[in-house]
Structure formats: structure tokens, C-alpha cells
Visitor: 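Quick one: the structure is below, questions incoming.
Just so you know, ligand 1 is whichever comes first in the structure, and atom 1 is the first atom listed for that ligand. Heads up: numbering here begins at 1 and tracks the sequence. Basis for what follows: all heavy atoms, side chains included, without hydrogens, waters or symmetry-related copies.
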Amino acid sequence: MESGDGALSATSLDESITSFFTSAPPLKESDNLRERVMEFVELNSTIAAAGDGGHRKVVCVTSGGTTVPLEQRCVRYIDNFSSGHRGATSAEYFVKAGYAVVFLHRRGTIMPYTRSLPEDPLLECLELDGDSSIRGLIEFLSLITHTSPHLPQAVAGNLLLKLPFTTIFEYLQMLQIIAKAMKPLGPLAMFYLAAAVSDFYVPWQTMAEHKIQSASGPLDMRLVQVPKMLAILRKEWAPLAFCISFKLETDSKILLEKADMALRKYKMHMVIANELLTRKEEVTVVTVDGKIPVYRDKSQPDSDVEQPLTELIRNKHSTYIKNTNR
Ligand code: PAZ
């Protein structure tokens, strides 16, 4: 679903954004979601923290891929690749560093603190005869705390708000609500947009209501471009927030050029460029001041690239806060 960055004039971009939101199926329980996010942001922004502006910083981490439904009563959909590993791992590092994290994730993808567990942890740990079932549960809990030592910090400190999405319609409406709720934080807010977001969608009003029938012959369907929301995030939703987007390509020859284009076009503070096959080993941080390669420490078997990446980002965010508050 990744496309070229089709150029739209400012007016037609505004029109396509309005048309996207007005025609999208309304988000269920949006008032409740807004309240939860505002409460989380308010609670965390009043907590004092050392350094940077004196208050806790809040990052919205997006993770997983969005779907594009092909039918209103959806049986079929187009999906975007993302396991959720990048988002979940990064969220853990941000919590560890004292950030409050709004984790906007695709339902069913990898979640913070449970990514190192076996695939079927409950069944693998439970023994079903006698009182050994109780021992099994205790082992399960100790496995979680052993593999995720910072879980208690996240739970006890109210540092992680998990919000699931499935479709592109849900994702963008939720991102808008979160961004507007984070706007009052100014430069203490950060967006770390690792989700793989669909570039094309079927507008709700032109979408078939019922399951598309194969008896009608070959499928001829028109997808329209999803308007780029990064620009409006920067301009209106949360103009002072520190914004990082990701660029995924499979062709290394165009990766850095595309990342550079996104950086300038959407006025991101950083774009993280990664290639599908090597994304767990290395990424390149693209900024206006230059390109910084970041590698996983291969000498450590359990290391990941998110650790040095999030460390670098935290430092850049601190500098940004200092410069913005001046
Ligand atoms: O979720 P994951 O760990 O399997 O993959 C992460 C990723 C490649 C989806 C992410 O790093 C990324 O590049 N997201 C943006 C994708 C895009 O260009 O739309």
C-alpha cells in the first residue's frame, strides 16, 4: 500500500482531509476515548519529572498496520504489513526512560511486555491435574515479570495507555483525538509513528454494503489516496510536538531519498528509514542536519535496534524542548 508521495495543492489536501473524515464511519465511543486520553495526558503532565520542562513527557507510539475494508459489512480487506514489534519494543524503552506512552496499536499485534513470552503462554504454563494448575499460573506470572522487568513500573505508574484500532478509518480518527488532547503539552509531546498506514482506501459511500460476489466476474474497484495527515498533525493538531515518522521500503536504492522527501514535505523532525529485510538490524535516522545510521549491537544476543534508536530520539527530544522553551 506504499505509494509515491502524490503532490496535492494545499486546498485539495484540505478538501481530501475533510472528505475523509466526513465520509468515514463514525468512531465507536469516541467521547469515551477522548475522555480517557485527556485524563491520561492531564494526569501525567502534572507529574513533576527531572530535567526537560520539569514535567513528564508523553509519547504517542503507533504500531501495527491499518486495514482497508472492501465491504461495509466487512468480509474482505486489504492489509498493511507490520508485526508490531517496533512499536511494542520502543514503547517499553520509552516507559523505562520515564515517558508516559499512548500506545495506538493494531488489535492482535505484538504488545509491550509480552513480546518475549512463548506463543501460547497460558497453555504452555498450565498443568491441568491436581493442584499443579495453581503452580502453573504462578510460573506464568513469574515468567511475565522475569521477561518484562519494567512491567510493574508501567502499571503502577499509570504510564501506558493501550488503544486498539483495526481499520484506516479508526486509526486516523483516533490519531486526531490523541493529537488534539496532547496539544497543550507543547514540546513535551512526541509522536513516534511506526504504524504502517494504508496509502489507498475505498471511500465508505462508494463501498459495497454486502459481501462482493464472485459470480459478477473480475473485480473492478477504485481506491482513492488516503490524504497525508502528517502535514495537518504538524500544522494544526499538535504544532509544537516533536514528530517522528517512519519510512519503509523494499528497494534500498530509493529508501533514503524517500525518507528525505517525507522529512521536508511534512516538516517532520526526524524520519526513520528502514528496509523490510534488515529492519531489526539497522535503521537510518534522517534529519535536516544529516543521516545517522543506528545498528543493533550484534555482540549481545538479546539486543535490539530500538534501544539505541529510542536513546538517540530521547536526546534529540530533550534538545528540542530546551530550544523551544527558550
Ligand atoms: O512492526 P514491525 O516491527 O514488523 O515493522 C516495523 C515497520 C517496518 C512497520 C516500521 O518500522 C515502519 O517502517 N513503519 C512505517 C511503514 C510505512 O512506510 O508506512
Visitor: Considering the heavy atoms of G84, write down every atom of ligand 1 situated less than 4.0 Å from one of them.
Guide: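 Those of ligand 1 that fall under 4.0 Å from G84 are 1 (O), 2 (P).
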Visitor: Does either side chain, that of N80 or that of R106, offer a donor lying less than 3.5 Å from an acceptor on the other one?
Guide: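 There is no such pair between these side chains.
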Visitor: Counting each atom of ligand 1 from 1 as listed, which ones have a heavy atom of K247 under 4.0 Å away?
Guide: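 Those qualifying, in numeric order: 18 (O).
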Visitor: Does ligand 1 have an atom under 4.0 Å from some heavy atom of A195?
Guide: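 For ligand 1, residue contact (heavy atoms, under 4.0 Å) with A195 is present.
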Visitor: Within ligand 1, which atoms have a heavy atom of F81 less than 4.0 Å away?
Guide: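 This gives 4 (O) as the contact atoms.
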Visitor: Is it the case that the side chains of S90 and Y192 hold a donor-acceptor pair, with the cut-off being a distance below 3.5 Å and no angle test?
Guide: yes
Visitor: Less than 4.5 Å apart, any side-chain heavy atom of P184 and any of E42?
Guide: no
Visitor: Under 4.0 Å, heavy-atom basis, I'd like to know which part of L248 is in contact with ligand 1: side chain, backbone, both or neither.
Guide: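 For L248, the contact with ligand 1 is made by both the backbone and the side chain.
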Visitor: Do NZ/NE/NH1/NH2 and the carboxylate oxygens of R296 and D302 come within less than 4.0 Å?
Guide: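 Result for this pair is no, no salt bridge flagged.
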Visitor: NZ of K253 to CD of E275: how many Å apart, nearest 0.5 Å?
Guide: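 Spacing of NZ (K253) from CD (E275) equals 9.5 Å.
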Visitor: Nearest heavy atom to atom 10 (C) of ligand 1: which of A194, A196, S245, S82 does it belong to?
Guide: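 Among A194, A196, S245, S82, the closest heavy atom to atom 10 (C) of ligand 1 belongs to A194.
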Visitor: Which label fits F169 and Y201: parallel for a plane angle under 30°, tilted from 30 to 60°, or perpendicular past 60°?
Guide: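 It falls in the perpendicular class, over 60°.
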Visitor: Heavy atoms only: which of R86, R279, E249 lies closest to atom 5 (O) of ligand 1?
Guide: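 Selected option, by shortest heavy-atom distance: R279.
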